[in-house]
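Hydrogens, waters and symmetry mates are skipped; everything else that's a heavy atom, side chains included, is used. So that the names make sense, note that chain A is the first sequence line, chain B the second, and so on, each numbered from 1.
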Number of protein chains: 2
Amino acid sequence: MYRIGELSALYDIKADTLRFYEKHGLLSPSSRSDSGYRLYNQDDSERLKFILRAKAVGFSLNDIADLLSIEVDKSNRACAEVKGLVDTKLEQVEAKLAELQHFATSLKSLSNTCCGGPDSAEHCSILEALESSDQHIIAKKEQHHFSHSGHKD
Amino acid sequence: MYRIGELSALYDIKADTLRFYEKHGLLSPSSRSDSGYRLYNQDDSERLKFILRAKAVGFSLNDIADLLSIEVDKSNRACAEVKGLVDTKLEQVEAKLAELQHFATSLKSLSNTCCGGPDSAEHCSILEALESSDQHIIAKKEQHHFSHSGHKD
DNA sequence: CTTGACCTTGGATTAAACTCTAAGGTTTAT
DNA sequence: ATAAACCTTAGAGTTTAATCCAAGGTCAAG
């Protein structure tokens with residue numbers, strides 16, 4: 001059992017943020033002490049971890065509430081309805097994943113070509129890296145033109 | 001060349017948002033018409049695409065300004081300094097990627113077990129799916145216990 | 001040569017997500 | 001038993017990222 005200060009310290013957020021999440025239906029402590037202190041258990045902590053993760057990858061608190069609502073009314077809700085919600089979110093997550101992979105590729109190629117690379121300062125720009133990243137793969141393919149195995153990402 | 005209304009329509013944002021980005025140093029039109037209209041070229045459009053992508057995966061406008069600054073002062077900046085900035089962002093991107101992959105896995109397993117699956121309504125929760133997703137992989141591994149090849153994501 | 005749909009500016013307003021303040025009750029340590 | 005460090009509430013203030021508004025200039029069509 002954590003008190004509000006302990007839980008907030010654990011995730012490096014303010015106690016106020018936890019009260020804010022409670023007020024907005026995202027996370028309520030599973031119990032209270034005799035004197036009214038919030039008491040969070042391990043499940044509450046996991047739920048908070050989920051909220052913070054989802055937030056970090058660009059979901060709004062409303063989005064997150066949607067996702068968490070899947071848990072709240074478990075058996076009440078028709079399974080097909082749940083599946084719809086999940087699949088919608090999954091599409092969003094996969095779109096974000098694609099964006100991020102694109103990003104990561106560009107940043108990596110930028111990091112490599114920028115320092116130590118032969119053309120160093122010439123194209124030190126993320127935008128150029130983003131634009132050239134696809135052609136980069138093609139160019140690489142052309143270099144060892146005796147192999148044409150199925151490419152994998 | 002796009003005028004502000006055209007470019008904003010292209011990305012389904014408000015013209016005001018473009019003026020806002022300009023005021024905050026994120027994106028300036030490469031030129032102006034005689035009458036003072038903003039004129040955006042293809043590079044500006046690419047830059048905007050980058051901003052919107054980065055925003056969608058949870059970067060703040062400040063973060064994005066940092067990333068874009070790599071382009072702005074290309075040759076002015078020491079290459080090692082640029083690399084530092086890029087690598088920091090790359091770490092953030094990869095952390096986000098890991099989160100999202102975890103997310104996607106959980107949502108998929110949720111979508112599968114929830115509807116049609118044998119234990120249907122029993123654990124219709126993202127939190128449960130998130131918690132169990134790792135064990136799920138282990139469980140799956142145990143099923144075909146004659147192979148112990150290097151796992152790939 | 002004016003009507004309507006654009007554009008300009010600066011400043012006000014909104015919404016989301018905190019973050020802080022005030023006034024007071026609780027717990028732990030001396 | 002009292003100070004320091006917690007906790008409670010309600011509500012005000014801040015930051016970020018737009019979004020809207022007002023007053024006026026510009027441009028293509030009739």
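To the nearest angstrom, C1' of D:dA5 lies 9 Å from OH of A:Y37. Per the geometry, CZ belonging to A:F20 stands 16 Å off P belonging to D:dG11, to the nearest Å. Distance A:I4 CD1 to C:dT27 P: 16 Å, rounded to the nearest Å. Rounded to an integer number of Å, the gap from NE2 of A:H24 to C1' of C:dA16 is 8 Å. One atom, CD1 of B:I51, and another, P of D:dA17, lie 12 Å apart when rounded to the nearest Å. Going from atom CG of A:D34 over to atom C1' of C:dT26 covers 12 Å, rounded to whole Å. We find that CD of B:E6 is positioned 8 Å from P of C:dC7, with the value rounded to whole Å. As a whole-Å value, the separation of A:L61 CG from C:dT19 P is 12 Å.
Side chain of A:R32, nearest nucleotide from C:dT8, D:dC20, D:dT8: D:dT8. Minimum atom distance to the side chain of A:N62 is reached by C:dA16, of the listed C:dA16, D:dC7, D:dT19.
DNA chain C is contacted by both B:A15 and B:K23; B:A15 maps to the nucleotide lying nearer its 5′ end (nearest heavy atom per residue). Place B:F59 and B:S33 on DNA chain D by their nearest nucleotides, and B:F59 ends up nearer the 5' end. The nearest heavy atom of DNA chain D to B:D16 and to A:E22 marks one nucleotide each, and the one closer to the 5' end goes with A:E22.
Checking the phosphate oxygens (OP1, OP2) of D:dA18, a side-chain nitrogen or oxygen of B:K55 falls inside 4.0 Å. In this structure, B:R38 reaches the C:dT9 phosphate: one of its side-chain N or O atoms is under 4.0 Å from OP1 or OP2. Listed pair B:R19 / C:dT8 meets the phosphate criterion, a side-chain N or O lying under 4.0 Å from OP1 or OP2. Residue B:Y21 places at least one side-chain N or O closer than 4.0 Å to OP1 or OP2 of D:dA18. The side chain of B:S35 contributes an N or O atom lying less than 4.0 Å from OP1 or OP2 of D:dC27.
Remark: A:K96 qualifies as a cation-pi partner of A:F59 under the 6.0 Å distance and 45° angle criteria applied to the six-membered ring. Taking the centre and axis of the six-membered ring of A:F103, the NZ or CZ atom of A:K108 falls outside the cone set by 45° and 6.0 Å.
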Take A:E22 and A:R47 through the salt bridge (Lys or Arg N to Asp or Glu O under 4.0 Å) test and state the conclusion after the steps.
-> CA-CA 12 Å; A:E22 183 174 348; A:R47 194 179 167 99; over 6 Å; no

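Backbone-only contact: A:S60 has heavy atoms under 4.0 Å from sugar-phosphate atoms and none from a base.
No hydrogens or angles considered: a donor-acceptor pair under 3.5 Å links the side chains of B:S45 and B:Y11. For B:E6 and B:Y40, the side-chain atoms include no donor-acceptor pair closer than 3.5 Å.
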